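For the numbers below, each heavy atom of this structure counts, side chains included, while hydrogens, waters and symmetry mates do not. On a predicted model such as this, the values are computed, not experimentally measured, just so you know. Counting begins at 1 with the first residue of the sequence.
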Amino acid sequence: MANSLFRQSFLIDSLYSDSAPLSTEYVTEQGLCLKLHLPGVLEIIPPHMDESTKHVLVSCGIHGKDAGPVEMVNRIVTDVESGFQKIEEHCLFVIANLDAIKQNKQFIDENLERLFDDKPREPSTELVIADNLKVLIKSFWEETPVESRWHLDLHSTLYSSRYSTFVISPKVRHPVRSKALIDFIELAHINAIVLANAPSGSFSWYTADCYSARSATFELGKASRIGESDLNSFAIFDMALRDLISREKSEHLSKKSTIYRVSRTIVRMKEDFDFLFPEDIENFTAFKHGEVFGHDGDKPLMAKNDGESVLFPNRHVEIGEPAAYMLCPVVARYEGDQLVYD
């Protein structure tokens, strides 16, 4: 058996190796079994697993410009293989959209982050990826305790943000906003938590809805190309993730996150649609009550609450697609194990 899975690294081999891998399975000196299922899909199995073991899915590269999280995951895998990074939990590391990463494009045919629902769709590069990921996840979490399932889906934002890091917690019918997940988010010094108010086709929504996983979408820094990422902007998240998968107690203190709820989704309905703010407006920019910030045909778009903020505005979406999410700050609390707000 080869003494490594990779000719260069998990990332570089996944992106550029046309030849067969050195091996599809490798056992480290620490007894970790590394299984390469597909280019960009690596399972790490600790030598001992029991009912307390977490089954942690760490995905990145859903979009081709999410280079920072991809490079971070690659570093972690390199450190695992060398023995520097300890792992006690069962992990699946996924770099999803390899072609888009190579081309430094958000996607090849369509937005992969919208393809995890059951709506009928035309064939596309991204639809194949989504279908393959569903099969892999089913196998990874098969016969595992519900409370052991974690999914951290790592992204970077295309535009600047008031917060350099934030999380989107999906809205599903299961109790997935556990204190353990929020504790991890605050241990990772994530600046803000956005509580979604409706189903979506995102990857973290799918894993939360179908598998009751502790799932969230993590926005870490600004989008970039491979080799140009500012990994320092989410270095504490890197540390917290390493502590999570190794069951190590973090040496740094938690930091409270600001919590928002999605108050409404602005869907483009007319051809004559535009925002009054510039393309590069920061995520979480707030408006005064009644302030007009755009129009959809003859209908003015205005803030319905004082301090209502905008997230992911995109004036170029197709008619019928979400053009922005509006947010309001909330005071949250726990009911039993779950984060809730009034």
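- Electrostatic pairing of Asp79 and Arg75 does not count as a salt bridge here, judged by no charged N lying under 4.0 Å from a carboxylate O.
- Among residues at least two apart or in separate chains, there is no ring pair (Phe, Tyr, Trp, His ring centres under 6.0 Å) pair with a member in residues 118-138.
- Between Gly40 and Ser14 the shortest heavy-atom distance is N-OG, 3.0 Å.
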Given the rule in the side chain to side chain contact (heavy atoms under 4.5 Å, CB included) test, do Ile76 and Asp238 qualify, once you have shown the distances and angles that lead to the verdict?
CA-CA 9 Å; Ile76 291 174; Asp238 185 327; 4.3 Å; yes
Go through the steps to decide whether Ser59 and His151 satisfy the test side chain to side chain contact (heavy atoms under 4.5 Å, CB included), and finish with yes or no.
CA-CA 8 Å; Ser59 56; His151 179 201; 2.8 Å; yes
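- Nearest heavy-atom pair, Ser250 versus Leu187, reported as atom, atom and distance to 0.1 Å: OG-CD2, 3.1 Å.
- Between atom CZ of residue Phe6 and atom CG of residue Asp13 there is a gap of 7.0 Å, rounded to the nearest 0.5 Å.
- Residue pairs that meet the salt bridge (Lys or Arg N to Asp or Glu O under 4.0 Å) test with at least one member in residues 150-179, sequence neighbours left out, are Arg173-Asp209, Lys179-Asp183.
- For the atom pair CG of Leu38 and CD1 of Ile95, the computed distance is 12.5 Å after rounding to the nearest 0.5 Å.
- For residues 52-90, the pairs satisfying ring pair (Phe, Tyr, Trp, His ring centres under 6.0 Å) are His55-His90, His63-His155, His90-Phe140, with sequence neighbours left out.
- Legend: residues meeting side chain to side chain donor-acceptor pair (under 3.5 Å) with Ser178, ordered by chain and number and at least two apart, are Arg214.
- A ring pair (Phe, Tyr, Trp, His ring centres under 6.0 Å) with Phe218 is found for exactly one of Phe237, Trp150, Phe234, namely Phe237.
- Using a 3.5 Å distance cut-off with no hydrogens or angles, the side chains of Asn97 and Glu126 do pair a donor with an acceptor.
- By the 30° and 60° cut-offs, the orientation of the rings of Phe312 relative to Phe166 is tilted.
- The existence of a salt bridge linking Lys249 and Glu251 is excluded, since no basic side-chain nitrogen approaches an acidic carboxylate oxygen closer than 4.0 Å.
- Judged purely by distance below 3.5 Å, without hydrogens or angles, the side chains of Glu71 and Ser229 pair a donor atom with an acceptor atom.
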Which is it for Leu152 and Phe184 under the side chain to side chain contact (heavy atoms under 4.5 Å, CB included) test, yes or no, and what are the steps along the way?
CA-CA 11 Å; Leu152 313 180; Phe184 169 78; 3.9 Å; yes
In a table with atom names and distances, give each donor-acceptor pair under 3.5 Å that connects a side chain of residues 323-331 to protein atoms at least two apart or in another chain.
none

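- Within the structure, the side chain to side chain donor-acceptor pair (under 3.5 Å) test picks out the following pairs touching residues 282-303 (sequence neighbours left out): Asp272-His295.
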Could you list the donor-acceptor pairs under 3.5 angstrom formed between side-chain atoms of residues 188-203 and any protein atom two or more places apart in sequence or on another chain?
from: His189; atom 1: NE2; to: Leu253; atom 2: O; distance (Å): 2.7
from: Asn191; atom 1: OD1; to: Ser164; atom 2: N; distance (Å): 3.3
from: Asn191; atom 1: OD1; to: Ser164; atom 2: OG; distance (Å): 3.3
from: Asn191; atom 1: OD1; to: Thr165; atom 2: N; distance (Å): 3.1
from: Asn191; atom 1: OD1; to: Thr165; atom 2: OG1; distance (Å): 3.2
from: Asn197; atom 1: ND2; to: Val262; atom 2: O; distance (Å): 3.1
from: Ser200; atom 1: OG; to: Ser202; atom 2: N; distance (Å): 3.3
from: Ser200; atom 1: OG; to: Ser202; atom 2: OG; distance (Å): 3.2
from: Ser202; atom 1: OG; to: Trp205; atom 2: N; distance (Å): 3.1

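- Within the model, atoms NZ of Lys222 and CG of Leu158 stand 9.0 Å from one another, a figure rounded to the nearest 0.5 Å.
- Between Arg268 and Glu321 there is no salt bridge, since no side-chain N of the basic residue sits under 4.0 Å from a carboxylate O of the acidic one.
- Remark: Arg225 CZ is loosely packed, at most 12 non-hydrogen atoms of other residues, nucleotides or ligands lying under 6.0 Å away.
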For Asp274 and Lys270, what are the C-alpha separation, side-chain angles and deciding distance, and is it a salt bridge (charged side-chain N to carboxylate O under 4.0 Å, His left out)?
CA-CA 10 Å; Asp274 204 0; Lys270 303 292 184 181; over 6 Å; no
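- Ring orientation note: the planes of Phe275 and Phe273 are nearly perpendicular, at an angle over 60° on the 30°/60° scale.
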I'd like to know whether Glu219 forms a side chain to side chain contact (heavy atoms under 4.5 Å, CB included) with Val167, so could you lay out the CA-CA distance, the side-chain angles of the two residues, the decisive distance to 0.1 Å, and finally the verdict.
CA-CA 6 Å; Glu219 299 286 348; Val167 157; over 6 Å; no
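- Its side chain within the 4.5 Å cluster rule, Ile45 clusters with Met49 among the Ile, Leu, Val, Met, Phe, Trp and Tyr residues.
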All N/O donor-acceptor pairs, side-chain side in residues 29-37, below 3.5 Å, sequence neighbours left out:
from: Gln30; atom 1: OE1; to: Thr28; atom 2: OG1; distance (Å): 3.4
from: His37; atom 1: NE2; to: Glu43; atom 2: OE1; distance (Å): 2.7

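- Asp243 meets the salt bridge (Lys or Arg N to Asp or Glu O under 4.0 Å) test with no other residue; sequence neighbours excluded.
- Taking a 4.5 Å side-chain heavy-atom cut-off between Ile, Leu, Val, Met, Phe, Trp and Tyr, the cluster of Met302 extends to Leu276, Val292.
- Residues passing the salt bridge (Lys or Arg N to Asp or Glu O under 4.0 Å) test with Lys86 are Glu88, Glu248, sequence neighbours excluded.
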